[in-house]
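So the structure is just underneath, and the comments pick up after that.
Position 1 is the first residue of the sequence; numbering continues from there.
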Amino acid sequence: MPVIDMPLEELRNYQGVNPRPKDFTQYWERAIGEMKSVNPNVELVPSAFQVPYAECFDMYFTGVRGARIHVKYLRPKNASGKHPAVLIFHGYSSNAGDWSDKLNYAALGYSVFAMDCRGQGGHSEDVGGVKGNTLDGHIIRGLDDEADNLLFRHIFLDTAELADIAINMPDVDPVRVYAMGGSQGGALTLACASLEPRISKLAPTYPFLSDYMRVWDMDLTKDAYAEIRQYFRMFDPAHRREEEIFTKLGYIDIQNLAGRIKGEVLFITGLMDTICPPSTQFAAYNKITAKKEHIIYPDYGHEFLPEISDKVMQFFMK
């Protein structure tokens with residue numbers, strides 16, 4: 001089997017190397033408390049895109065720090081009684097995608113909620129307001145400020161707030177709310193189910209935002225992780241603050257959240273992934289204590305994985 005990281009038997013036992021802050025649990029309890037204090041003020045605006053079997057809405061809600069978050073929301077017209085819902089999270093810097101991409105689930109009688117991450121390629125708002133670098137890079141946004149101002153903290157909370165909104169929709173079955181996504185979307189899927197344990201099934205594909213120090217040790221702080229190297233080059237060229245920086249990144253490291261997940265997990269990894277190295281993904285997977293299955297593609301990297309869309313749909317439909 002080709003190896004770009006660790007042999008598979010080592011990956012199955014790998015626990016990650018990035019520091020976990022000592023107050024990690026209190027940090028996220030405080031964050032969830034802030035989220036729950038926000039009035040989401042949900043607004044539904046009928047979209048110009050419509051189909052015969054579903055209603056399509058531009059949904060807006062207020063997240064932490066007052067940002068208005070945009071979601072593409074599809075509601076099936078012919079569902080009898082309460083029906084399932086699926087939350088879809090997109091890749092880094094992208095957006096929620098086309099309406100037509102979600103019609104397969106709407107045709108099955110699912111409500112679909114596809115969120116634009118604040119400050120990325122969609123219509124969600126980034127309210128800013130932090131000290132330090134904002135040139136580019138959401139991983140490092142807030143590193144020179146209080147840990148409570150890390151941008152991905154807010155984005156993780158947006159996913160959990162959306163889940164709560166979906167669960168409380170009058171036509172949604174609250175015990176059949178699922179989450180899915182790839183890369184950043186895979187990370188947000190795990191974060192969402194960690195912060196909102198009522199997510200009953202989740203399907204993360206090659207998740208991003210895990211075990212940052214391992215990415216650094218592998219010299220793979222490029223592509224999606226390039227901003228970490230950029231940060232050190234610009235703001236800490238002698239690495240005097242290296243331990244401090246990686247520890248602060250530990251607050252938004254999905255491997256540290258994974259143990260909170262209660263829902264059933266279908267986790268997908270390509271062993272040739274040089275964008276989100278397999279070991280960083282296993283660091284998160286190995287900490288999940290809920291029912292789980294790991295689908296591994298030995299010859300694939302961070303790319304289209306054949307049959308996965310079908311497997312995920314069957315997983316949700318079981």
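For Asp223, the side-chain hydrogen bond (donor to acceptor under 3.5 Å, both in side chains) criterion is met by no residue, not counting sequence neighbours. Remark: Asp164 pairs with Arg198 by the salt bridge (Lys or Arg N to Asp or Glu O under 4.0 Å) rule, at least two apart or across chains. When the side-chain hydrogen bond (donor to acceptor under 3.5 Å, both in side chains) test is applied to Asp148, the partners found at least two apart in sequence or on another chain are Arg30. Looking at residues two or more places apart in sequence or on another chain, you find a side-chain hydrogen bond (donor to acceptor under 3.5 Å, both in side chains) between Thr62 and Arg68. In this structure, the side-chain hydrogen bond (donor to acceptor under 3.5 Å, both in side chains) partners of His294, at least two apart in sequence or on a different chain, are Thr269. Taking the salt bridge (Lys or Arg N to Asp or Glu O under 4.0 Å) definition, one finds that Glu55 meets it with Arg75, sequence neighbours left out.
A pairwise comparison of heavy atoms in Gly186 and Pro204 identifies O-CB, 3.5 Å as the closest pair. When all heavy atoms are compared, the tightest approach of Ala96 to Asp116 is N-OD1, 2.8 Å. The heavy-atom pair separating Pro207 from Ile254 by the smallest distance is CB-CD1, 3.8 Å.
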CA sep, side-chain torsions, deciding dist, call: Cys117, Asp158, side-chain contact (heavy atoms from CB on, under 4.5 Å): CA-CA 8 Å; Cys117 290; Asp158 291 339; over 6 Å; no
Chi angles and distances behind the side-chain contact (heavy atoms from CB on, under 4.5 Å) call for Tyr300, Glu303: CA-CA 7 Å; Tyr300 282 79; Glu303 58 186 308; 3.7 Å; yes
Worked verdict on Ser279 versus Arg214 for side chain to side chain donor-acceptor pair (under 3.5 Å): CA-CA 8 Å; Ser279 55; Arg214 173 63 179 167; 2.9 Å; yes
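The side-chain hydrogen bond (donor to acceptor under 3.5 Å, both in side chains) test with Asp126 singles out one residue from His154, Arg118, His138, Arg141, and that residue is Arg141.
Ring geometry, Phe156 versus Phe152: the interplanar angle falls from 30° to 60°, so the pair is classed tilted. Ring-plane geometry between Phe267 and Tyr285 is classed as perpendicular, the angle between the planes exceeding 60 degrees on a 0 to 90 degree scale with a lower cut at 30.
Between the side chains of Asn149 and Arg65, at least one donor-acceptor pair of N or O atoms lies under 3.5 Å.
A side-chain donor-acceptor contact under 3.5 Å links Lys248 to the backbone of Asp145. Counting only distance, with no hydrogens or angles, the side chain of Ser210 and the backbone of Gln281 share no donor-acceptor pair below 3.5 Å. Judged by distance alone, the side chain of Asp211 and the main-chain N or O of Gln255 form no donor-acceptor pair under 3.5 Å. For the pair Asp101 (side chain) and Gly97 (backbone), a donor-acceptor distance under 3.5 Å is absent. In this structure, the side chain of Ser94 does not engage the main chain of His90 through any donor-acceptor pair within 3.5 Å.
Surrounding CD of Glu146 are at most 12 heavy atoms belonging to other residues, nucleotides or ligands under 6.0 Å away. By the neighbour-count criterion of 12 heavy atoms within 6.0 Å, atom CZ of Phe57 is densely surrounded, having more than that number from other residues, nucleotides or ligands.
With values rounded to the nearest 0.5 angstrom, Met115 atom CE is found 7.0 Å from Ile155 atom CD1.
As a member of the Ile/Leu/Val/Met/Phe/Trp/Tyr network built from side-chain separations under 4.5 Å, Phe304 groups with nothing else and remains a singleton.
Sequence neighbours left out, the pairs with a member in residues 17-28 that pass side-chain hydrogen bond (donor to acceptor under 3.5 Å, both in side chains) are Asp23-Tyr251. Screening residues 174-195 for side-chain hydrogen bond (donor to acceptor under 3.5 Å, both in side chains) gives Gln120-Gln184, Asp173-Arg176, Ser183-His302 as the qualifying pairs, with residues at least two apart or on separate chains. For residues 224-234, every residue pair satisfying the side-chain hydrogen bond (donor to acceptor under 3.5 Å, both in side chains) rule, not counting sequence neighbours, is listed here: Tyr92-Glu227, Asp136-Gln230, Asp144-Tyr231, Asp219-Arg229, Thr221-Arg229, Tyr231-Arg241.
Annotation: Tyr110 is not in aromatic contact with His83 [ring centroid separation under 6.0 Å not met].
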When the side chains of residues 35-49 are checked against the rest of the protein, which donor-acceptor pairs come out under 3.5 Å, sequence neighbours left out?
from	atom 1	to	atom 2	distance (Å)
Ser37	OG	Glu34	O	2.6
Asn39	OD1	Asn41	N	3.1
Ser47	OG	Phe49	N	3.0

Less than 3.5 Å apart, which donor and acceptor atoms pair up between the side chains of residues 310-318 and the rest of the protein, not counting sequence neighbours?
none

